[in-house]
Novice: 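Pasting a structure here, questions to come.
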Amino acid sequence: MSKEQFIKELSVLLKDLSAQERQEVLNDYEEHFQFGMDEGKTENEIAASLGSPKILAKEILANYHIENAKGAQTAGNVVRAVWAVIGLSFFNLVFVLGPFIGLVGIIFAGWIISFAGIASPIFVLINNLFGRYFDSFEWFMAIGYCGIGLLLLIAMQWITKWFTRGFIRYISYNAALVKGGVKR
């Protein structure tokens, strides 16, 4: 593969990057070609030593999305980072997607439970308006559940941030492991 073909294919595969970041990456690979040619290698030899542009693009995009998720920990950035890391190998389908689905389920359940606790006085009110009797014990329990729900709501904000940071570190570790080892 010639230098032009390699750079063109890599450029197309890196379309998710901003124009400036894509150009920086392409300039780095053009420098690789220049250094190799200065050493007397052919373009085909240099391209072969660099590897497949598809694999390189997957690794570059995975790093890009992981760094975005580290910077702005939004749900969209985390999901994009997860998909990029899964794209590195089939191995990651089990070791990234499985824990991701599990953590999302746990966090979602915590939020639902907190909102249900907060709304419990409304449920008791509806039951007392349309029910046959008034039970003060139900009101006492509903107010207790409401307090627990409010505390859980505050805790879920911290738990969500903690799980998000931890999961981003996990996918960073996983991406490094798949790409050839972890630096100690």
Side-chain angles (χ1 to χ4, degrees), residues 1-111 156-184:
M1 174 180 291
S2 72
K3 173 185 167 183
E4 266 187 52
Q5 292 170 326
F6 185 92
I7 298 295
K8 184 177 180 181
E9 186 175 344
L10 188 59
S11 178
V12 168
L13 293 168
L14 295 176
K15 66 183 178 296
D16 291 344
L17 296 179
S18 68
Q20 179 185 358
E21 289 171 334
R22 183 175 49 244
Q23 192 58 48
E24 287 176 15
V25 169
L26 296 176
N27 288 342
D28 288 343
Y29 282 98
E30 286 181 8
E31 286 179 16
H32 281 288
F33 274 95
Q34 188 60 45
F35 288 136
M37 292 172 75
D38 290 345
E39 293 176 357
K41 295 180 182 176
T42 66
E43 289 183 355
N44 289 338
E45 291 172 337
I46 299 166
S49 70
L50 289 173
S52 167
K54 289 179 184 178
I55 293 171
L56 289 172
K58 284 181 181 182
E59 291 176 358
I60 292 166
L61 288 172
N63 286 335
Y64 172 75
H65 289 302
I66 289 170
E67 290 304 315
N68 278 350
K70 285 180 182 177
Q73 295 178 355
T74 64
N77 284 344
V78 173
V79 169
R80 280 188 286 279
V82 167
W83 284 118
V85 171
I86 287 171
L88 291 176
S89 76
F90 182 73
F91 164 82
N92 284 344
L93 186 63
V94 174
F95 289 102
V96 172
L97 191 59
F100 179 72
I101 290 172
L103 288 176
V104 168
I106 290 169
I107 291 171
F108 185 71
W111 284 100
M156 285 308 300
Q157 290 175 338
W158 289 100
I159 290 169
T160 302
K161 286 180 186 177
W162 184 78
F163 270 121
T164 302
R165 287 183 187 138
F167 196 75
I168 290 169
R169 287 181 44 208
Y170 172 72
I171 61 175
S172 297
Y173 169 79
N174 188 283
L177 184 67
V178 168
K179 287 191 287 185
V182 179
K183 296 176 186 172
R184 295 266 176 195

Novice: Please, which pairs that meet salt bridge (charged side-chain N to carboxylate O under 4.0 Å, His left out) have at least one residue in residues 168-177, sequence neighbours excluded?
Specialist: none
Novice: Provide the full list of side-chain hydrogen bond (donor to acceptor under 3.5 Å, both in side chains) pairs with a residue in residues 35-53, sequence neighbours left out, each pair given once.
Specialist: Gln34-Asp38
Novice: When the aromatic ring centroids of Tyr170 and Tyr173 are compared, is their separation below 6.0 Å?
Specialist: no
Novice: Where do Ala69 and Ile168 come nearest, in terms of heavy atoms and distance?
Specialist: O-CD1, 3.2 Å
Novice: Tell me which donor-acceptor pairs under 3.5 Å the side chains of residues 3-16 have, and how far apart each pair is, sequence neighbours excluded?
Specialist:
residue	atom	partner	partner atom	Å
Gln5	OE1	Ser2	N	2.9
Gln5	OE1	Ser2	OG	3.4

Novice: Can you list the residues that meet the side chain to side chain contact (heavy atoms under 4.5 Å, CB included) rule with Ile159, with sequence neighbours excluded?
Specialist: Ala155, Met156, Phe163
Novice: Using side-chain contact (heavy atoms from CB on, under 4.5 Å), reason through Lys161 and Gln157 one step at a time and then give a plain yes or no.
Specialist: CA-CA 6 Å; Lys161 286 180 186 177; Gln157 290 175 338; 5.5 Å; no
Novice: Enumerate the residue pairs fulfilling salt bridge (charged side-chain N to carboxylate O under 4.0 Å, His left out) with a member in residues 96-107, sequence neighbours excluded, ordered by first and then second residue.
Specialist: none
Novice: Which residues pass the side-chain hydrogen bond (donor to acceptor under 3.5 Å, both in side chains) test with Ser18, not counting sequence neighbours?
Specialist: Glu21
Novice: With sequence neighbours left out, which residue pairs that include part of residues 64-76 fulfil the salt bridge (charged side-chain N to carboxylate O under 4.0 Å, His left out) condition?
Specialist: Glu67-Lys70
Novice: Quick one: list whatever passes side-chain hydrogen bond (donor to acceptor under 3.5 Å, both in side chains) with Thr164, sequence neighbours left out.
Specialist: none
Novice: Quick one, Lys58 and Lys54 - any side-chain contact, counting heavy atoms below 4.5 Å?
Specialist: no
Novice: Residues in side chain to side chain contact (heavy atoms under 4.5 Å, CB included) with Val79, at least two apart?
Specialist: Trp83, Phe100
Novice: Are side-chain heavy atoms of Tyr29 and His32 found at a separation under 4.5 Å?
Specialist: yes
Novice: Where is the tightest heavy-atom contact between Arg22 and Leu17, given as atom of each residue plus distance?
Specialist: NH1-O, 3.3 Å
Novice: Counting only heavy atoms not in Ile55, do more than 12 fall under 6.0 Å of its CD1?
Specialist: no
Novice: Provide the closest heavy-atom pair for Ile171 versus Ala81 in the form atom of the first, atom of the second, distance.
Specialist: CD1-CB, 3.5 Å
Novice: Could I get the full list of ring-ring contact (aromatic ring centres under 6.0 Å, His included) partners for Phe108, not counting sequence neighbours?
Specialist: none
Novice: Who passes side-chain hydrogen bond (donor to acceptor under 3.5 Å, both in side chains) against Gln23, sequence neighbours left out?
Specialist: Asn27
Novice: Please evaluate residues Ile46 and Phe35 with respect to the criterion side-chain contact (heavy atoms from CB on, under 4.5 Å), reporting the C-alpha separation (whole Å), side-chain torsions for both, the decisive distance (0.1 Å), and the verdict.
Specialist: CA-CA 9 Å; Ile46 299 166; Phe35 288 136; over 6 Å; no
Novice: Quick one: side-chain hydrogen bond (donor to acceptor under 3.5 Å, both in side chains) partners of Asp28, sequence neighbours excluded?
Specialist: none
